[in-house]
Amino acid sequence: MSNYLSIPINENGVVVDDNIDNLIRAAMSTSFEFSDIYVYSHGWSLDATKMMDWYNRFAIEYNKANIDLIAQNNTIFQSPPTSKTLGVGLHWPSMISENENSPIDYLQQLTFYTMDKRAGSVGEHGLYSVLRLILSSDALSAYKSVRLNLLGHSFGCKVVVAALEQVYEDMVLHKIPDRPNVSFNVVLLQGAFERDLLDEHECYGNVEHLNIRLLVTRSDEDEALQTWFDDAHFNLNFFQLVKKDPNKRALGAMGPTDSTRAAMGGTLPDVSVGPGFQSTSMLNQDRRLVVADLTPIHRSRGTQQGYAKFSGHHSDIFIPEVYALIAGFLYNNNLKPQ
């Protein structure tokens, strides 16, 4: 059984649905006992219509990847993964205007700094409040286990990690119950924030202390992160005479730092995702941090056209190989060697 909530969040990180508290409390009742909760956060330059299209496409194709995984590899499953799921889709204002005919939409590319900061606020306040409601539900203690699967793309990755940082800090202060039956699976697709922010003592350095697994993707063909992200940050710091720092490059361009990798228990060699990539390639990827290189699959798909050519393959994530990667990562615990 599948259920879905759409949650609107304004530019200040405030959830603008007045009934959301009641909806989440009802959803977390023992009547449902979800085994998996999927939370999706889009990135920059998506209006509400495109957001729904992205989430719908992802949900259907991801479920298809799971079905294919079971059908093709049922002999290596201890038991097929069955679940009652809740989907939570966030929508936050990542555009100047959602009026497609608005002349100011042509200025969207000048909003990098605004949306960068806004993504942090949306996560720290908006998504955090949603996760707090879920984790504070009294009924959750009766659940056998529940996996919180958080997926972000681009600036949406910053939304996710900003929320998780707040969750950890409030768990330490006992404002949120520590839930041993809850695990966090986090997918950061082409993350548009500095790669060292997951390091210890940095903004999101406490995320690794949660009961968490991370999948991080990167690509040499992501022009938005390989070039424009760097230029934007260099221009921001130009008058401070700050040199370009490799640790300040985008997560989706370079992957995590060595410091983050070590803190997460080390990583196996990065997963290379090329044409025909299968979920079973994730069988031995049981570390807390998995880094996947999308460069091969992006290169195989040729040069992007139209507006997408400006950003390269930054949003080129709706492809079977990426769904297979995510399916294998999220269900890695269900896969057993023959």
Are Arg213 and Ser183 side-chain neighbours, meaning at least one heavy-atom pair lies under 4.5 Å? no
Can you name the nearest heavy-atom pair linking Arg287 to Thr267, along with the distance? NH1-N, 3.6 Å
Is it possible for you to say whether Val16 and Tyr128 belong to one hydrophobic cluster, with membership spreading through side-chain heavy-atom contacts below 4.5 Å? no
Here's one to test your reading of the geometry: is the NZ or CZ of Arg147 within 45 degrees of the ring axis of Phe184 and under 6.0 Å from its centre? no
When you measure from the side chain of Ser279 to the backbone N and O of Ala324, does any donor-acceptor pair fall under 3.5 Å? yes
Heavy-atom donor-acceptor pair, Glu223 side chain to Trp228 backbone, under 3.5 Å: no
Could you state the interatomic distance from OG (Ser129) to CD1 (Ile24), rounded to the nearest 0.5 Å? 7.0 Å
Using 0.5 Å steps for rounding, measure from the CZ atom of Arg179 to the CG atom of Leu148. 11.5 Å
Crowding at CG, Asn19 (>12 non-hydrogen neighbours, <6.0 Å): yes
Salt bridge check: are Arg218 and Asp220 linked by an N-O gap of less than 4.0 Å? yes
Do Met282 and Leu268 land in one hydrophobic cluster if side-chain heavy atoms of ILVMFWY residues count as linked below 4.5 Å? no
Rounded at 0.5 Å granularity, tell me how far CE in Met254 sits from CG in Leu225. 12.0 Å
If you define the side chain from C-beta out and look only at heavy atoms, does anything of Ile9 sit under 4.5 Å from Val14? no
On the 0 to 90° scale, with breaks at 30° and 60°, tag the Tyr40-Phe58 ring pair as parallel, tilted or perpendicular. perpendicular
Between OG1 on residue Thr257 and CD on residue Glu200, distance to nearest 0.5 Å: 11.0 Å
Does Asp199 reach the main-chain N or O of Glu202 with its side chain, forming a donor-acceptor pair under 3.5 Å? no
Does the plane of the ring in His42 sit parallel, tilted or perpendicular to the ring in Tyr55? Use 30° and 60° as the thresholds. tilted
Closest contact, heavy atoms only, Pro296 versus Gly274: CB-CA, 3.9 Å
If you compare all heavy atoms of Ile96 against all heavy atoms of Met115, which two are closest, and at what distance to 0.1 Å? N-CE, 4.2 Å
Are any non-hydrogen side-chain atoms of Val187 and Leu330 less than 4.5 angstrom apart? yes
Parallel, tilted or perpendicular: rings of His153 and Trp54 (30°, 60°): tilted
What is the distance from atom CE of Met171 to atom CG of Leu135, rounded to the nearest 0.5 Å? 5.0 Å
So which atom in Leu198 and which in Thr260 form the shortest heavy-atom distance, rounded to 0.1 Å? C-OG1, 3.5 Å
With side-chain contact (heavy atoms from CB on, under 4.5 Å) as the criterion, how do Asp293 and Val291 come out once you've worked through the C-alpha distance, each side chain's angles and the decisive distance to 0.1 Å? CA-CA 7 Å; Asp293 183 3; Val291 182; over 6 Å; no
Where do Met95 and Arg118 come nearest, in terms of heavy atoms and distance? O-NH1, 4.4 Å
Asn181 side chain vs Leu140 backbone, donor-acceptor pair below 3.5 Å: yes
Salt-bridge present (Asp170, Arg132; N to O < 4.0 Å): no
Closer than 3.5 angstrom, by distance alone: can the side chain of Ser281 be matched with the main-chain N or O of Gln278 as a donor-acceptor pair? yes
Considering only heavy atoms from C-beta outward, does the side chain of Val216 approach that of Val186 to under 4.5 Å? no
Using side-chain heavy atoms (C-beta onward) and a distance below 4.5 Å, is Trp92 in contact with Phe155? yes
Say you draw a straight line from OH of Tyr168 to NE2 of His209; how long is it, rounded to the nearest 0.5 Å? 5.0 Å
Okay, side chain of Ser136, backbone of Leu133: is any donor-acceptor separation there less than 3.5 Å? no
Are Val322 and Ile60 connected into the same hydrophobic cluster when the rule is that any two of I, L, V, M, F, W, Y join if their side-chain heavy atoms are below 4.5 Å apart? no
Test item: Ser154 side-chain N/O and Gly156 main-chain N/O as donor-acceptor pair under 3.5 Å: no
Cationic N near anionic O, under 4.0 Å, Lys248 to Glu194: no
Under a 4.5 Å side-chain heavy-atom rule over Ile, Leu, Val, Met, Phe, Trp and Tyr, are Tyr62 and Tyr4 clustered together? yes
With side chains defined as the heavy atoms from C-beta onward, is the minimum distance between Tyr143 and Met28 less than 4.5 Å? yes
Between Arg195 and Asp258, is there a side-chain N and carboxylate O pair less than 4.0 Å apart? no
From the list His313, Gln190, His298, side-chain hydrogen bond (donor to acceptor under 3.5 Å, both in side chains) with Asp222 holds only for Gln190
Could you tell me if the side chain of Glu11 sits less than 4.5 Å from the side chain of Pro93, heavy atoms only? yes
Any sub-3.5 Å donor-acceptor pair from Asn56's side-chain atoms to Met52's backbone N or O? yes
Is a side-chain N or O of Glu33 found less than 3.5 angstrom from the main chain of Lys144, in a donor-acceptor match? yes
Close side-chain approach of Leu215 and Leu188, heavy atoms under 4.5 Å: no
Heavy-atom closest pair (Leu294 atom, Ile297 atom, distance to 0.1 Å) is O-CG2, 3.1 Å
Leu127 with Leu23, same ILVMFWY side-chain cluster at under 4.5 Å: yes
Strictly distance-based, threshold 3.5 Å: is any side-chain N or O of Ser94 a donor or acceptor partner for the main-chain N or O of Leu46? yes
